[in-house]
Q: 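Right, I'll just put the structure down here and ask away after.
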Number of protein chains: 2
Amino acid sequence: MDKFLIAVDAVVFAYDKDYLKILLIKRGIEPFLNEWALPGGFLRKGESLEDSVKRELKEETNINDIFLKQLHTFSLINRDPRERVITTAYYALVNPENYKIKADTDALEVKWFNFNELPKLAFDHNEIIEMAINKLRKDIEFKPVGFELLPEYFTLAKLQKLYEIIFDKEIDKRNFRKKLLKTELIIETDKKDTGGVKRPARLYYFDKKRYFKFKATGFKFKII
Amino acid sequence: MDKFLIAVDAVVFAYDKDYLKILLIKRGIEPFLNEWALPGGFLRKGESLEDSVKRELKEETNINDIFLKQLHTFSLINRDPRERVITTAYYALVNPENYKIKADTDALEVKWFNFNELPKLAFDHNEIIEMAINKLRKDIEFKPVGFELLPEYFTLAKLQKLYEIIFDKEIDKRNFRKKLLKTELIIETDKKDTGGVKRPARLYYFDKKRYFKFKATGFKFKII
DNA sequence: TCAAAAGTGTTATGGTTACACCCATGA
DNA sequence: TCATGGGTGTAACCATAACACTTTTGA
């Protein structure tokens with residue numbers, strides 16, 4: 001029976017300075033030497049696909065312990081110019097505390113790109129990113145994954161901005177806050193964000209435990 | 001670099017006599033000889049995963065030309081007792097016109113099972129089915145995939161029953177019809193379903209073309 | 001004291017839910 | 001003629017959308 005090379009690739013999203021970003025590496029090996037690509041690599045014996053992405057992310061970009069979700073497996077015959085490779089793509093969300101990256105092993109350089117200013121990428125990686133963004137849009141509509149992109153304590157303005165970027169549309173501030181707070185999952189604190197330029201904004205956090213309790217009883221999370 | 005065996009498996013759903021069914025085969029080869037399993041097989045050189053599922057379905061069950069969607073790739077080290085195999089699962093929806101099945105090649109027998117009366121299956125196939133049902137529930141909520149399980153012309157009662165089975169809850173007949181017809185995607189015909197026991201019910205069809213037109217302009221399909 | 005962003009309520013509209021009876025047909 | 005499933009409308013309720021001014025702070 002035929003055997004195949006299997007790769008994994010990761011579309012890593014982050015949210016910084018009001019931009020949605022994607023992590024890319026500059027390839028240090030052929031094919032597509034010196035071109036930008038998704039971080040990833042080959043599956044090894046003895047590891048699952050998920051183990052493999054985690055290892056590659058750690059090796060190539062120094063990113064650890066993040067939200068990871070399988071996206072799709074790409075299997076077109078000629079997606080790798082040299083030899084047939086089947087790749088399983090994951091998407092990942094990192095929060096700013098996990099943001100320190102450094103190039104390593106097969107990567108010459110690692111860099112965050114604004115998701116709407118991406119270069120042409122190696123392989124079918126532009127296509128993979130397209131699918132990842134669509135998936136992120138779908139997921140964020142009904143799951144509280146947006147918080148994975150934020151620090152533990154965040155302002156409602158930041159959260160709103162994140163949703164505005166991902167959905168590419170403006171949201172009414174008052175309605176957004178009302179809807180959010182009515183869920184009883186976004187908890188007010190006494191902390192203030194003094195980093196802003198003027199009046200400090202109140203910080204909130206997402207109550208994950210309560211979310212899972214609500215979810216178990218059939219509640220649906222939807223804030224936009 | 002390591003190479004791997006890759007398989008494909010299909011969770012094939014059908015809707016018949018007010019039951020949601022799943023197609024299983026009795027395995028004619030080791031491992032799990034004589035046990036029930038999902039139809040599937042090994043990926044070959046020169047075919048994509050999707051080509052492969054289609055071929056396997058045709059070979060093992062004589063099912064052709066159906067709605068197919070990639071579900072997930074399963075890669076745990078010991079999911080196959082003999083040798084490592086990574087499998088990509090698909091889910092499929094067949095309508096009653098495509099319903100004629102027959103066992104072939106590696107399958108001793110092919111049979112439709114009610115989805116809530118499944119035997120213990122080979123490999124991790126029960127787990128795969130679990131994921132497929134969850135995916136089907138999600139998809140059917142916002143996409144008109146339910147019609148893939150129905151003949152071209154159907155009664156609203158059948159459609160309602162299908163949704164009731166998949167979501168496992170009762171739906172109010174009047175509200176269901178109102179909401180459906182308001183979309184202008186379910187088109188009334190002059191045909192009647194004379195197969196019923198009493199008063200014949202009117203037949204409708206789903207206007208796929210119009211759906212894609214609406215979809216392109218940002219409309220969201222949701223009927224429950 | 002002023003510029004900038006934070007924070008806050010009300011009303012109109014549209015969608016969802018709850019609910020019960022008559023109708024057409026085949027046996 | 002009657003049993004069976006087919007077919008229909010209205011009112012109460014709730015969620016969403018639209019909309020503008022006051023407050024707090026740092027410079």
Side-chain angles (χ1 to χ4, degrees), chain A residues 15 17-19 140-142 150-151 153-165 167-205 214 217-224, chain B residues 15 17-19 140-142 150-151 153-165 167-205 214 217-224:
Chain A
Y15 173 53
K17 303 202 180 64
D18 296 347
Y19 282 98
I140 209 173
E141 201 168 346
F142 293 100
L150 292 166
Y153 298 98
F154 51 83
T155 68
L156 296 187
K158 282 285 172 210
L159 182 61
Q160 179 177 340
K161 187 76 190 169
L162 173 61
Y163 275 78
E164 288 181 333
I165 288 168
F167 289 115
D168 192 26
K169 74 170 194 186
E170 294 198 351
I171 300 171
D172 180 89
K173 188 163 53 156
R174 281 169 292 188
N175 293 337
F176 183 76
R177 285 168 183 243
K178 256 182 296 168
K179 210 165 164 185
L180 221 50
L181 297 174
K182 192 152 49 66
T183 64
E184 297 179 47
L185 293 173
I186 313 296
I187 316 295
E188 185 177 305
T189 72
D190 290 334
K191 301 196 176 80
K192 294 285 168 76
D193 171 30
T194 52
V197 56
K198 293 290 163 179
R199 173 176 178 183
R202 188 181 287 280
L203 291 170
Y204 294 77
Y205 67 90
F214 283 12
T217 65
F219 149 92
K220 253 185 195 157
F221 182 85
K222 180 163 191 315
I223 64 180
I224 187 173
Chain B
Y15 174 54
K17 303 203 182 65
D18 296 346
Y19 282 98
I140 208 171
E141 200 167 349
F142 293 100
L150 292 166
Y153 297 98
F154 50 83
T155 68
L156 295 187
K158 281 284 172 210
L159 182 61
Q160 178 177 340
K161 187 77 191 166
L162 173 60
Y163 274 76
E164 288 180 335
I165 288 167
F167 290 114
D168 192 25
K169 74 169 194 186
E170 293 199 352
I171 301 171
D172 181 90
K173 189 164 51 158
R174 279 168 294 187
N175 293 337
F176 183 76
R177 284 166 185 244
K178 257 183 296 169
K179 210 165 164 186
L180 221 51
L181 298 175
K182 192 153 48 64
T183 64
E184 298 179 47
L185 293 173
I186 313 295
I187 315 295
E188 184 177 307
T189 71
D190 290 334
K191 301 195 177 77
K192 294 286 170 75
D193 171 31
T194 52
V197 57
K198 292 292 163 176
R199 173 178 177 182
R202 187 181 289 280
L203 291 170
Y204 294 77
Y205 67 92
F214 284 11
T217 66
F219 150 92
K220 253 184 197 159
F221 182 85
K222 180 164 191 314
I223 65 179
I224 187 173

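The structure presented is a predicted model; accordingly, all values stated were derived computationally and were not measured. Protein chains get the first letters and strands the later ones, always in sequence-line order, with residue 1 at the start of each. Any value given below was found using the heavy atoms of this structure, including those in side chains, with hydrogens, waters and symmetry copies removed.
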Q: Could you list by number each residue of residues 174-184 of chain B showing a heavy-atom separation from DNA chain C of less than 4.0 Å, or answer none if no residue does?
A: Arg174(B), Asn175(B), Lys178(B), Lys179(B)
Q: Do Tyr19(B) and Ile165(B) touch side chain to side chain, with heavy atoms closer than 4.5 Å?
A: no
Q: Taking CG from Asp193(A) and P from dA4(C), how many angstroms apart are they, rounded to a whole number?
A: 18 Å
Q: Between Asp190(B) and Arg202(B), does a side chain to side chain contact (heavy atoms under 4.5 Å, CB included) hold up when you go through it step by step?
A: CA-CA 7 Å; Asp190(B) 290 334; Arg202(B) 187 181 289 280; 4.0 Å; yes
Q: Tell me: CZ of Phe154(A) to C1' of dA6(C), nearest whole Å?
A: 16 Å
Q: How many Å lie between NZ on Lys158(A) and P on dA5(C), as a whole number?
A: 11 Å
Q: Can you name the closest pair of heavy atoms from Thr194(B) and Pro200(B) and give their distance?
A: CA-CB, 4.4 Å
Q: Can you give me the closest heavy-atom contact between Leu181(A) and Ile186(A), atom names plus distance?
A: CD2-O, 3.8 Å
Q: Starting from the 5' end of DNA chain C, give me the residue, Tyr204(A) or Lys222(B), whose nearest nucleotide shows up first.
A: Tyr204(A)
Q: What is the distance from CG of Asp172(A) to C1' of dG9(C), rounded to the nearest Å?
A: 12 Å
Q: Nearest whole angstrom, please: distance from the P of dA5(C) to the CG of Leu156(A).
A: 17 Å
Q: When you look at Ile223(A) and Glu141(A), which way does the side chain to side chain contact (heavy atoms under 4.5 Å, CB included) test go after all the steps?
A: CA-CA 7 Å; Ile223(A) 64 180; Glu141(A) 201 168 346; over 6 Å; no
Q: In terms of relative ring orientation, are Phe142(A) and Phe142(B) parallel, tilted or perpendicular, with 30° and 60° separating the classes?
A: tilted
Q: Counting primed atoms plus P, OP1 and OP2 as sugar-phosphate and everything else as base, spell out the protein contacts along nucleotides 22-27 of chain C at 4.0 Å heavy-atom distance: B, S or - for each nucleotide, 5' to 3'.
A: -BBSBS
Q: Can you check whether Ile224(B)'s main-chain N or O pairs, donor with acceptor, with Lys222(B)'s side chain at less than 3.5 Å?
A: yes
Q: Could you give the NZ-to-C1' distance, from Lys220(B) to dG15(C), as a whole number of Å?
A: 16 Å
Q: Hey, can you pull the donor-acceptor pairs under 3.5 Å for the side chains in residues 156-164 of chain A, sequence neighbours left out?
A:
{"residue": "Lys158(A)", "atom": "NZ", "partner": "Asp18(A)", "partner atom": "OD1", "Å": "3.1"}
{"residue": "Gln160(A)", "atom": "NE2", "partner": "Glu164(A)", "partner atom": "OE2", "Å": "3.2"}
{"residue": "Gln160(A)", "atom": "NE2", "partner": "Ile171(A)", "partner atom": "O", "Å": "2.8"}
{"residue": "Glu164(A)", "atom": "OE2", "partner": "Ile171(A)", "partner atom": "N", "Å": "2.9"}

Q: For the pair made of CG in Asp190(B) and C1' in dG6(D), what is the distance, rounded to whole Å?
A: 16 Å
Q: Measure from NZ on Lys173(A) to P on dT23(D) and round the result to the nearest Å.
A: 14 Å
Q: Of the non-hydrogen atoms in Phe154(A) and Tyr205(A), which two are nearest, and what is the gap between them?
A: CE2-CA, 3.9 Å
